[in-house]
K.L.:
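Okay, here's the structure, questions in a sec.
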Amino acid sequence: AGNKYKTPASMAEKVDENGRLVFGAGNICNHFYTLDFIEKVVVPNMSNMYHVAKKKIPYFDEVSKKTVKPTENNGIKLESFIFDVFP
């Protein structure tokens, strides 16, 4: 029966002028949350929802007076997503 929602190869493999995928990341799912759920489950648990994410964090170089975009992870960020309340 095939997947009628499959992304065509021409779109999935599309690259920009630098050879990078135009659609390199995405969320394939829509989320629906009631206000009641957010008030009773999400908000009370927000302090427990953070996770560490290793990131490439741009920084200002005093010597060159330019912003440096690292090629490797150089820091961490605390992130939280609404769906982090689920086990």
Side-chain angles (χ1 to χ4, degrees):
N3 184 350
K4 67 180 180 178
Y5 300 110
K6 184 172 172 68
T7 303
S10 61
M11 188 178 212
E13 298 169 5
K14 185 174 182 176
V15 295
D16 64 16
E17 62 276 357
N18 297 314
R20 296 183 65 169
L21 288 173
V22 173
F23 305 106
N27 186 338
I28 61 169
C29 156
N30 290 316
H31 306 283
F32 175 82
Y33 303 104
T34 63
L35 184 57
D36 186 59
F37 174 78
I38 292 172
E39 290 173 341
K40 291 181 179 171
V41 178
V42 176
V43 173
N45 289 293
M46 288 188 76
S47 63
N48 302 323
M49 290 174 30
Y50 289 100
H51 61 268
V52 172
K54 296 177 182 175
K55 299 284 187 168
K56 298 176 187 120
I57 303 173
Y59 60 92
F60 183 75
D61 180 47
E62 285 286 333
V63 177
S64 67
K65 304 292 186 204
K66 294 181 180 179
T67 299
V68 177
K69 292 185 179 179
T71 57
E72 296 182 15
N73 293 338
N74 65 333
I76 60 170
K77 289 184 178 180
L78 292 177
E79 294 183 339
S80 180
F81 300 108
I82 192 168
F83 47 81
D84 285 343
V85 297
F86 301 111

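Both backbone and side-chain heavy atoms feed into the values below; hydrogens, waters and symmetry mates do not.
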K.L.:
List in chain and number order the residues that pass salt bridge (charged side-chain N to carboxylate O under 4.0 Å, His left out) with Glu13, two or more places apart in sequence or in another chain; answer none if no residue qualifies.
P.N.:
none
K.L.:
State the NZ-CD1 distance between Lys54 and Ile76, to the nearest 0.5 angstrom.
P.N.:
9.0 Å
K.L.:
Just jot down the salt bridge (charged side-chain N to carboxylate O under 4.0 Å, His left out) partners of Lys14, sequence neighbours excluded, or say none.
P.N.:
none
K.L.:
Val15: which other cluster members, linking ILVMFWY side chains closer than 4.5 Å, directly or transitively?
P.N.:
Leu21
K.L.:
Taking side chain to side chain contact (heavy atoms under 4.5 Å, CB included) as the test, write out the residues that go with Pro44, two or more places apart.
P.N.:
none
K.L.:
Once salt bridge (charged side-chain N to carboxylate O under 4.0 Å, His left out) is applied, do any residues pair with Lys69, and if so which ones, sequence neighbours excluded?
P.N.:
none
K.L.:
Give me each pair satisfying salt bridge (Lys or Arg N to Asp or Glu O under 4.0 Å) with a member in residues 34-46, each pair once, sequence neighbours excluded.
P.N.:
Asp36-Lys40
K.L.:
Does one hydrophobic cluster hold both Val43 and Tyr33, with members joined at side-chain heavy-atom distances below 4.5 Å?
P.N.:
yes
K.L.:
Cut-off 3.5 Å, no hydrogens considered: what does the side-chain donor-acceptor table look like for residues 60-67, sequence neighbours left out?
P.N.:
from: Asp61; atom 1: OD2; to: Ser64; atom 2: N; distance (Å): 2.9
from: Asp61; atom 1: OD2; to: Ser64; atom 2: OG; distance (Å): 2.8
from: Glu62; atom 1: OE1; to: Lys65; atom 2: NZ; distance (Å): 3.4
from: Ser64; atom 1: OG; to: Lys66; atom 2: N; distance (Å): 3.4
from: Lys65; atom 1: NZ; to: Glu62; atom 2: O; distance (Å): 3.1

K.L.:
Asp16: which residues meet the salt bridge (charged side-chain N to carboxylate O under 4.0 Å, His left out) condition with it, sequence neighbours left out?
P.N.:
none
K.L.:
State yes or no: do Val22 and Met11 share one hydrophobic cluster built from I, L, V, M, F, W and Y residues joined by side-chain heavy-atom distances below 4.5 Å, directly or via other members?
P.N.:
yes
K.L.:
Considering non-hydrogen atoms only, spot the tightest contact between Lys56 and Thr71 and give its length.
P.N.:
CE-O, 3.2 Å
K.L.:
For Tyr59, enumerate each residue passing the ring-ring contact (aromatic ring centres under 6.0 Å, His included) test, keeping only those at least two apart in sequence or located in another chain.
P.N.:
none
K.L.:
Would you please name every residue forming a side chain to side chain donor-acceptor pair (under 3.5 Å) with Lys55, sequence neighbours left out?
P.N.:
Glu79
